Amino acid sequence: MDIDTLQGLKQCPLFRDLEASEIIALMHTVRYRIIRCHKGQIWVSAGSFCQFADIIISGEMVAYVTGPSGNVVRMAAHQTGTLLAPAFLFAADNHYPVTVEAMTATNVLRLSLADLEKMMHIDQRLMQNYIQLLSNIISQLTKKVRMLSMSVREKVCLFLMEQSRKQQSKDVLLSMSRQELADHFGIQKYSLLRCLNELKQEGAIRVEGRHIQLLSQLIV
């Protein structure tokens, strides 16, 4: 196993708390291959069967859905260490709900579901980490469902307050562009810009590029 593959696996939540030597020993018990994906390549299309456990070793991919009118909604960005579609690997209906595309040159480690199960039986920590990974996904989905019933202002304010808590600062640095943020909320970009401008005019925030400073308590 080369160093890049090992570093990628160490960043995967599935191998949390495992030493490098333990990861190497586990990978020696299964068969896997590294697949290179060029920028712009579709890794998997929505509706395809989820037949393998794929882990991003390096690079970045994005998951999105395309609506009936052709509008694209970005669902998530996946970086090094991401196990793709963990909630669908062993589902009765194991079709990919999204299309996954490489945003950069990307290397993916692929192994069979049987080999993934084999490693989980060899080291119970993988099973525990997998369960925690699924639990985190359920928690995130619950938040998204709650967000669907919110107004644009409520979505934006809640997001900024959460980011302020995570970053432990009133000066929030956004990791997404305005379009990506609008896609995350499931709203139009102009609706997001209008909301940010309203908050700015109210004196609640100061906006400088991707930096948004919270000047007062956001009222939703």
Side-chain angles (χ1 to χ4, degrees), residues 13 42-47 50 56 60-79 81-88 91 93-104 131-220:
I42 299 297
W43 178 253
V44 65
S45 298
C50 192
I56 298 178
E60 181 179 356
M61 292 181 160
V62 63
Y64 61 85
V65 294
T66 304
S69 60
N71 59 307
V72 175
V73 178
R74 175 172 170 153
M75 303 300 292
H78 301 309
Q79 287 87 25
T82 299
L83 171 62
L84 297 177
F88 293 88
D93 181 3
N94 63 338
H95 292 82
Y96 267 94
V98 297
T99 294
V100 180
E101 178 181 337
M103 301 301 289
T104 65
I131 293 173
Q132 185 178 69
L133 183 58
L134 295 180
S135 297
N136 290 338
I137 290 174
I138 293 172
S139 177
Q140 292 168 7
L141 288 176
T142 300
K143 290 180 180 179
K144 285 184 177 293
V145 170
R146 178 189 171 200
M147 188 174 289
L148 290 175
S149 63
M150 294 182 178
S151 66
V152 173
R153 183 185 179 97
E154 288 173 331
K155 293 177 181 179
V156 173
C157 289
L158 180 62
F159 175 81
L160 291 177
M161 288 187 290
E162 287 182 344
Q163 289 301 308
S164 178
R165 284 194 293 270
K166 288 180 180 179
Q167 299 179 29
Q168 298 182 338
S169 173
K170 292 293 184 180
D171 186 5
V172 173
L173 175 61
L174 301 178
S175 61
M176 296 179 280
S177 67
R178 298 292 191 271
Q179 184 60 62
E180 291 170 339
L181 192 56
D183 291 342
H184 172 74
F185 292 142
I187 61 177
Q188 296 295 321
K189 181 180 177 180
Y190 75 85
S191 298
L192 170 64
L193 296 178
R194 183 175 61 202
C195 180
L196 290 174
N197 188 53
E198 289 175 354
L199 291 171
K200 182 178 178 181
Q201 291 180 346
E202 294 170 9
I205 62 174
R206 178 182 293 119
V207 181
E208 294 182 8
R210 292 200 177 192
H211 287 270
I212 297 183
Q213 185 178 8
L214 278 60
L215 302 177
S216 62
Q217 180 67 35
L218 296 178
I219 301 175
V220 297

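Treat the numbers as computed from the prediction; the structure is a model and nothing was measured.
A distance of 6.0 Å separates OG1 of T99 from CD1 of I42, quoted to the nearest 0.5 Å. To the nearest 0.5 angstrom, S45 atom OG is 10.0 Å from E101 atom CD. One finds the CZ atom of R165 at 11.0 Å from the CG atom of L160 (value rounded to the nearest 0.5 Å). Residue M103 holds its CE atom at 6.5 Å from CD of E60, rounded to the nearest 0.5 Å. The CD atom of Q179 sits 5.5 Å away from atom NZ of K189, with the distance rounded to the nearest 0.5 Å. Interatomic distance, R206 CZ to K170 NZ, rounded to the nearest 0.5 Å: 14.0 Å.
Surrounding CD of Q188 are at most 12 heavy atoms belonging to other residues, nucleotides or ligands under 6.0 Å away. With a 6.0 Å radius and a threshold of 12 heavy atoms from other residues, nucleotides or ligands, M176 has its CE atom above the threshold.
Q132 and N136 share no side-chain donor-acceptor pair at under 3.5 Å.
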Derivation of the side-chain contact (heavy atoms from CB on, under 4.5 Å) call for Q213 and S169: CA-CA 9 Å; Q213 185 178 8; S169 173; over 6 Å; no

Derivation of the side-chain contact (heavy atoms from CB on, under 4.5 Å) call for M61 and L84: CA-CA 10 Å; M61 292 181 160; L84 297 177; 4.2 Å; yes

Stepwise side-chain contact (heavy atoms from CB on, under 4.5 Å) test for F159 and L181: CA-CA 10 Å; F159 175 81; L181 192 56; 3.7 Å; yes

CA sep, side-chain torsions, deciding dist, call: C157, L199, side-chain contact (heavy atoms from CB on, under 4.5 Å): CA-CA 9 Å; C157 289; L199 291 171; 4.1 Å; yes

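Minimum interatomic distance between S164 and L214 (heavy atoms only, all atoms of both residues): CB-CD2, 4.0 Å. Shown here for Y96 and V44, the closest heavy-atom pair between the two residues is CD1-CG2, 3.5 Å. Here the closest non-hydrogen pair linking V152 and C195 is CG1-CB, 3.9 Å. Nearest heavy atoms, Q79 versus I56: O-CB, 3.6 Å. Here the closest heavy-atom approach between residue V98 and residue A63 is recorded as CG2-CB, 3.8 Å. Nearest approach of P13 to G81, heavy atoms of both residues: CD-O, 3.4 Å.
In this structure, the side chain of Q163 does not engage the main chain of L174 through any donor-acceptor pair within 3.5 Å. A distance-only check finds a donor-acceptor pair linking the side chain of T142 to the backbone of I138 [under 3.5 Å].
Residues F185 and V156 have side chains in contact (heavy-atom distance under 4.5 Å, counting atoms from C-beta outward).
Judged as a ring pair (Phe, Tyr, Trp, His ring centres under 6.0 Å), and not counting sequence neighbours, H211 has no contacts.
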